[in-house]
Enquirer: 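Below is a structure I'd like to ask you about.
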Amino acid sequence: MGLTVLGRVYWFVAEGGEVYRNLSQKENLKWHEIPADRGDIYDCRMNLLASSVPLYELRVDFGAPTMVDTAFIRQVDALAAGLAEIFPEESRLSWKHRMNQARRKSKPDRYWLLRKGVSYGTMERVSQLPLLCNTSSLRGGLVSIAANRRVLPYGNLAARTVGFVQDDKARLGLEKGLDSLLSGQDGKVLKQRMGGGAWKPLGHQQQQEPIHGQSVVTSLDIRLQEIAHEALYGAMVQQGARSGCAILMENRTGQVRALANLTRDS
């Protein structure tokens, strides 16, 4: 029986194992898209009308080299205190308890969710905490995944003209009309399947960087846009109108300097 087992082991390693190794690699390694940064939209004076703000999803890899038993036991209190300072809605004891629970499972979470929708500054602070930071020789346990959110710094001013992006697709206005320029080209990153169906990036060597979208400068002037918006709003209130449009054009060039669209709602 021992010889039979050894014979099968040899066969798997030397001959038949290649099939299973290829199958394992195919199932556990997969290319994922890296979204390209969408280009900004400016008015004629380079005031920002629409921009993409990077937000991060933070996860903890408890299988990272810095997370060995002795180091974790020695530094988990400092890590919990740091997290409680950055995210004060949860106490130090709560952070410590939850991390201990995640790490002591029969199948430890190797991709444990820390926070979603975190700014770059907050992500940088978290990346400096014990156990999560990279050392000169060891990789830290923090895994950050970037995602962009489209924002309009001036709120409703020219919002209909600028348009909006929903579910990563341009829906209206300049966002849709100039989508081919603004959207750029997505990159790719190789990820490894972890426990619980999560995927972990394998590093910068295993990725194709995205080509970011171009920025667009429009003929709009946000100062004149505000004047047109307020004038149209006042006229609609005075007249009890259901909807209205105001366009301000420069006679000499024909360029549109303000374009306001309003509709009465509840």
Enquirer: Find out whether K116 and L55 are in side-chain contact, i.e. whether some heavy atom of one side chain is under 4.5 Å from a heavy atom of the other.
Expert: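 K116 does not reach L55 side chain to side chain.
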
Enquirer: Between R242 and D265 (salt bridge meaning N to carboxylate O under 4.0 Å), is one present in this structure?
Expert: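 Salt bridge: no.
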
Enquirer: When you group the ILVMFWY residues by side-chain heavy-atom contacts below 4.5 Å and let the links chain together, are I86 and M123 in the same group?
Expert: yes

Enquirer: Measure from the side-chain N and O atoms of R38 to the backbone N and O of V165, and report whether any donor-acceptor pair falls under 3.5 Å.
Expert: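 Absent.
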
Enquirer: Heavy atoms, side chains only, cut-off 4.5 Å: are W112 and L58 in contact?
Expert: no

Enquirer: Answer yes or no: is there a side-chain heavy-atom contact under 4.5 Å between L49 and L220?
Expert: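 SC-SC contact between L49 and L220 confirmed.
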
Enquirer: Give the minimum heavy-atom separation between L232 and G244, together with the two atoms involved.
Expert: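 What the structure gives for the nearest pair is CD2-O, 3.6 Å.
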
Enquirer: Within a 6.0 Å radius of atom CD on Q75, are there more than 12 heavy atoms belonging to other residues, nucleotides or ligands?
Expert: yes

Enquirer: Mind checking whether N134 and T66 have side chains closer than 4.5 Å, heavy atoms only?
Expert: no

Enquirer: Are I41 and V217 connected in the hydrophobic side-chain network, where two residues link if heavy atoms are under 4.5 Å apart?
Expert: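 No, because I41 and V217 fall into different hydrophobic clusters, even though each may have its own neighbours under 4.5 Å.
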
Enquirer: Indicate yes or no for a side-chain donor-acceptor contact from H212 to the backbone of D37 under 3.5 Å, with no hydrogens or angles considered.
Expert: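 Looks like yes, one N/O pair under 3.5 Å.
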
Enquirer: Working to the nearest 0.5 angstrom, can you tell me the gap between L83 CG and R115 CZ?
Expert: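 One gets 8.5 Å once the value is rounded to the nearest 0.5 Å.
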
Enquirer: So do the side chains of V60 and V143 get within less than 4.5 Å of each other, counting heavy atoms only?
Expert: no

Enquirer: Can you find a pair of side-chain heavy atoms, one from C245 and one from L259, that are under 4.5 Å apart?
Expert: yes

Enquirer: Students often mix this up, so state it plainly: with edges at 30° and 60°, are the rings of F62 and F72 parallel, tilted or perpendicular?
Expert: perpendicular

Enquirer: Calculate, to the nearest 0.5 Å, the distance between atoms CD and CG belonging to E209 and D186 respectively.
Expert: 12.5 Å

Enquirer: Just so I know, are the side chains of E85 and R92 near enough to count as touching, which here means a heavy-atom distance under 4.5 Å?
Expert: no

Enquirer: Which heavy atom in A64 sits nearest to a heavy atom in G141, and how many Å separate them?
Expert: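 Taking A64 first and G141 second, the nearest heavy atoms are CB-CA, 3.6 Å.
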
Enquirer: Taking atom types as modelled, is there a side-chain donor on S94 or S91 under 3.5 Å from an acceptor on the other?
Expert: no

Enquirer: So for atom CZ, which belongs to F164, do other residues, nucleotides or ligands contribute more than 12 heavy atoms lying within a distance under 6.0 Å?
Expert: yes

Enquirer: Under the criterion side chain to side chain contact (heavy atoms under 4.5 Å, CB included), I'd like the reasoning laid out for S215 against Y42: C-alpha separation, chi angles, the key distance, then a yes or no.
Expert: CA-CA 8 Å; S215 294; Y42 296 90; 3.9 Å; yes

Enquirer: Write down the atom of G187, the atom of P210, and the distance for their closest heavy-atom approach.
Expert: N-CB, 3.4 Å

Enquirer: Check the pair V126, Y56 against side chain to side chain contact (heavy atoms under 4.5 Å, CB included), reporting the backbone distance first and the verdict last.
Expert: CA-CA 11 Å; V126 173; Y56 295 85; over 6 Å; no

Enquirer: Can you tell me how far OH of Y120 sits from OG of S127, rounded to the nearest 0.5 angstrom?
Expert: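 Result: 8.0 Å between the selected atoms.
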
Enquirer: Start with the C-alpha gap between E230 and L157, add the side-chain angles, then the distance that decides, and say whether side chain to side chain contact (heavy atoms under 4.5 Å, CB included) holds.
Expert: CA-CA 10 Å; E230 293 299 327; L157 291 182; 5.6 Å; no

Enquirer: Quick one: CG on N100 to CG on L93, what's the gap to the nearest 0.5 Å?
Expert: 11.0 Å

Enquirer: Under the salt bridge (charged side-chain N to carboxylate O under 4.0 Å, His left out) definition, can you give me all pairs with a residue in residues 141-161, not counting sequence neighbours?
Expert: R150-E175

Enquirer: Pairs in or reaching into residues 211-222: which pass salt bridge (charged side-chain N to carboxylate O under 4.0 Å, His left out), with residues at least two apart or in two chains?
Expert: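 Only R45-D221, D221-R223 qualify under salt bridge (charged side-chain N to carboxylate O under 4.0 Å, His left out).
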
Enquirer: Could you give me the CA-CA distance, side-chain angles and deciding distance for R74 and D69, then say whether salt bridge (charged side-chain N to carboxylate O under 4.0 Å, His left out) is met?
Expert: CA-CA 9 Å; R74 187 173 65 252; D69 290 343; over 6 Å; no

Enquirer: Going only through I, L, V, M, F, W and Y residues with side-chain contacts under 4.5 Å, is there a path from V151 to L172?
Expert: no

Enquirer: So, R264 side chain and A241 main chain: donor-acceptor pair closer than 3.5 Å or not?
Expert: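 Yes, because the side chain of R264 sits within donor-acceptor range (under 3.5 Å) of the backbone of A241.
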
Enquirer: How about T218 and D43: does a side-chain donor come under 3.5 Å of a side-chain acceptor?
Expert: no

Enquirer: Find the distance between CD (Q214) and OG (S183) and round it off to the nearest 0.5 Å.
Expert: 9.5 Å

Enquirer: Between R59 and E57, which heavy-atom pair has the shortest distance, and what is it?
Expert: NE-OE2, 2.7 Å

Enquirer: Can you tell me how far apart CG (L6) and CE (M1) are? Round to the nearest 0.5 Å.
Expert: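 If I round to the nearest 0.5 Å, the distance is 12.0 Å.
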
Enquirer: Let me see the working for C44 and Q255 under side chain to side chain contact (heavy atoms under 4.5 Å, CB included), right down to the final yes or no.
Expert: CA-CA 10 Å; C44 64; Q255 291 186 336; over 6 Å; no

Enquirer: Ignoring hydrogens, what is the shortest heavy-atom contact between L262 and M236? Give both atom names and the distance.
Expert: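 Answer, listing the atom of L262 first, then M236: CB-SD, 3.6 Å.
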
Enquirer: Applying a strict under-4.5 Å side-chain criterion to I, L, V, M, F, W and Y, I'd like to know whether L152 and L182 cluster together.
Expert: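 Yes, L152 connects to L182 through the hydrophobic network.
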
Enquirer: Check this for me: N156, atom CG, are more than 12 non-hydrogen atoms of other residues, nucleotides or ligands nearer than 6.0 Å?
Expert: no

Enquirer: Check whether L142 and F87 end up in the same hydrophobic cluster, where Ile, Leu, Val, Met, Phe, Trp and Tyr are linked by side-chain heavy atoms less than 4.5 Å apart.
Expert: yes

Enquirer: Using a strict 4.0 Å threshold on nitrogen-to-oxygen distance, state whether D179 and R171 make a salt bridge.
Expert: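 No, D179 and R171 are not salt-bridged.
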
Enquirer: Quick one: does V256's side chain get under 4.5 Å of L248's, heavy atoms only?
Expert: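 When only atoms from C-beta onward are counted, L248 and V256 do not touch, as no gap falls below 4.5 Å.
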
